[in-house]
Number of protein chains: 2
Amino acid sequence: MTIKEVCEKYGITADTLRYYERVGVIPAVGRTKGGIRNYTEEDLGWVENAICMRSAGVSVEMLIEYVRLFREGDSTFQARRDLLAQARAEIQAELDKINETAKLLDYKISRYDEAIRTGVLSWDKDENV
Amino acid sequence: MTIKEVCEKYGITADTLRYYERVGVIPAVGRTKGGIRNYTEEDLGWVENAICMRSAGVSVEMLIEYVRLFREGDSTFQARRDLLAQARAEIQAELDKINETAKLLDYKISRYDEAIRTGVLSWDKDENV
DNA sequence: ATACACTCTGGAGTTGACTCCAAGTCAAGA
DNA sequence: TCTTGACTTGGAGTCAACTCCAGAGTGTAT
């Protein structure tokens, strides 16, 4: 699969794919004899994984570390598990923060709706913005 | 309240507080006659709000727009409500993505745990990394 | 009144994660 | 073979959101 096809499949730019490979977010992709990238199913698995993790805010640095450990082989199983667990904990913290903010936003929006509905366009003085 | 006290209260740097004020994430803070910031309870409400929204990934740009609308007065009630609703939708999308990734991570971690426990350090060939 | 910690401003620098570009190479169709 | 569009690399540029700095002013304790 060419880089263009991979881009279209995942809605990502070729520059980003090359960047991911260059810095090690995904392992090196095989090439044709002319030097052009030829993505295998396994490569696509790595690409998919990178996109999924990045979309959740897992850092590029952490993904690089994971690939590095993966390349070192079976002796890094525990280290890889621990890295994933760390990523999991980080995104859980993120989830908690976002949920809290979501609740606050829901409250604020309901207060605005009420104010707009009743025509009373003011807050209690003890209430923040 | 001085900037230092606000920093300590919220675990944020003075530079960030001044930055937020300079770009308009929070409205201008009152000063002593010598020109030193003196945060009121209302200012703290804005600071708290900014920190909460930023921690959930709401953009600085959106917070600036909210403060701008707020300063324009009651005629912007609907616009402010809509902006909050937009922020709410954005963080919901973020929540959905993170939850999806969390599930994948949980699965991967359980697979690693199983592999480590049984001593069988290999995946099925159809399974990605 | 002097020291010392704190604060001010404007502007430059940093970080993470891309994103773009130039100059050259590759490959499929006419 | 020639053209045209896609691909290559290395390196520079961009963007959001801070973060740091120099040089100057403030304020309080001795």
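Naming convention: chains lettered A, B, ... in sequence-line order (proteins, then strands); numbering from 1 in each chain. This structure is a prediction, so every number in the text was calculated from the model and none was measured.
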Would you say a side-chain N or O of A:Arg37 is under 4.0 Å from OP1 or OP2 of D:dC7?
no
Kindly indicate whether the side chain of B:Leu69, heavy atoms from C-beta on, has any atom under 4.5 Å from the side chain of B:Glu65.
yes
Across all chains, not counting sequence neighbours, the ring-ring contact (aromatic ring centres under 6.0 Å, His included) partners of A:Tyr20 are none
Where does the chain A footprint on DNA chain C start and end, counting 5' to 3' with a 4.0 Å heavy-atom cut-off?
C:dA17 to C:dA27
As a check of understanding: the bend across the helix from C:dA1-D:dT30 to C:dA30-D:dT1, end axes from five pairs, rounded to 10 degrees, works out to 0°
B:Lys4 NZ to D:dT28 P: how many Å, rounded?
14 Å
For the side chain to side chain contact (heavy atoms under 4.5 Å, CB included) test, which of B:Thr32, B:Ile3, B:Leu17 pairs with B:Arg37?
B:Ile3
Between D:dT9 atom C1' and A:Ile3 atom CD1, what is the distance in whole Å?
12 Å
Drop me the distance from B:Asn38's CG to B:Glu5's CD, to the nearest 0.5 angstrom.
9.0 Å
Restricting to side-chain contact (heavy atoms from CB on, under 4.5 Å), what partner residues turn up for A:Glu114, sequence neighbours left out?
A:Arg111, A:Arg117, A:Thr118
Round to a whole Å and report the spacing from CD of A:Glu5 to P of D:dA6.
12 Å
Restricting to side-chain contact (heavy atoms from CB on, under 4.5 Å), what partner residues turn up for B:Ala28, sequence neighbours left out?
B:Glu21
Rounded off to whole Å, could you give me the CG-to-C1' distance for the B:Leu63 and D:dC18 pair?
14 Å
Can you measure A:Met1 atom CE to D:dA6 atom P for me and round it to whole angstrom units?
16 Å
Near DNA chain D, counting only heavy atoms under 4.0 Å, which residues of residues 16-29 of chain B show up?
B:Thr16, B:Tyr19, B:Tyr20, B:Arg22
Which whole-number value in Å describes the distance from B:Ile64 CD1 to D:dC18 C1'?
12 Å
Test of understanding: with ring-ring contact (aromatic ring centres under 6.0 Å, His included), list the residues that count as partners of A:Tyr39, not counting sequence neighbours.
none
Which residue pairs satisfy the salt bridge (charged side-chain N to carboxylate O under 4.0 Å, His left out) criterion with at least one member in residues 69-79 of chain A, sequence neighbours excluded?
A:Arg68-A:Glu72
Should B:Val25 and B:Met1 be regarded as members of a common hydrophobic cluster, given that ILVMFWY residues are connected when their side-chain heavy atoms come within less than 4.5 Å of each other, either directly or indirectly?
yes
For B:Ser110, check side-chain contact (heavy atoms from CB on, under 4.5 Å) against everything at least two apart and list the hits.
B:Tyr107
Give every pair of a protein N or O atom and an N or O atom of nucleotides 24-27 of chain D that lie under 3.5 Å apart, one pair per line with the distance.
| residue | atom | partner | partner atom | Å |
| --- | --- | --- | --- | --- |
| D:dG27 | OP1 | B:Thr32 | OG1 | 3.4 |

Side chain proximity check, B:Arg81 to B:Leu84, heavy atoms < 4.5 angstrom
no
Who are the side chain to side chain donor-acceptor pair (under 3.5 Å) partners of B:Asp96, not counting sequence neighbours?
B:Gln92
Restricting to side-chain contact (heavy atoms from CB on, under 4.5 Å), what partner residues turn up for A:Tyr19, sequence neighbours left out?
A:Arg22, A:Val23, A:Val60
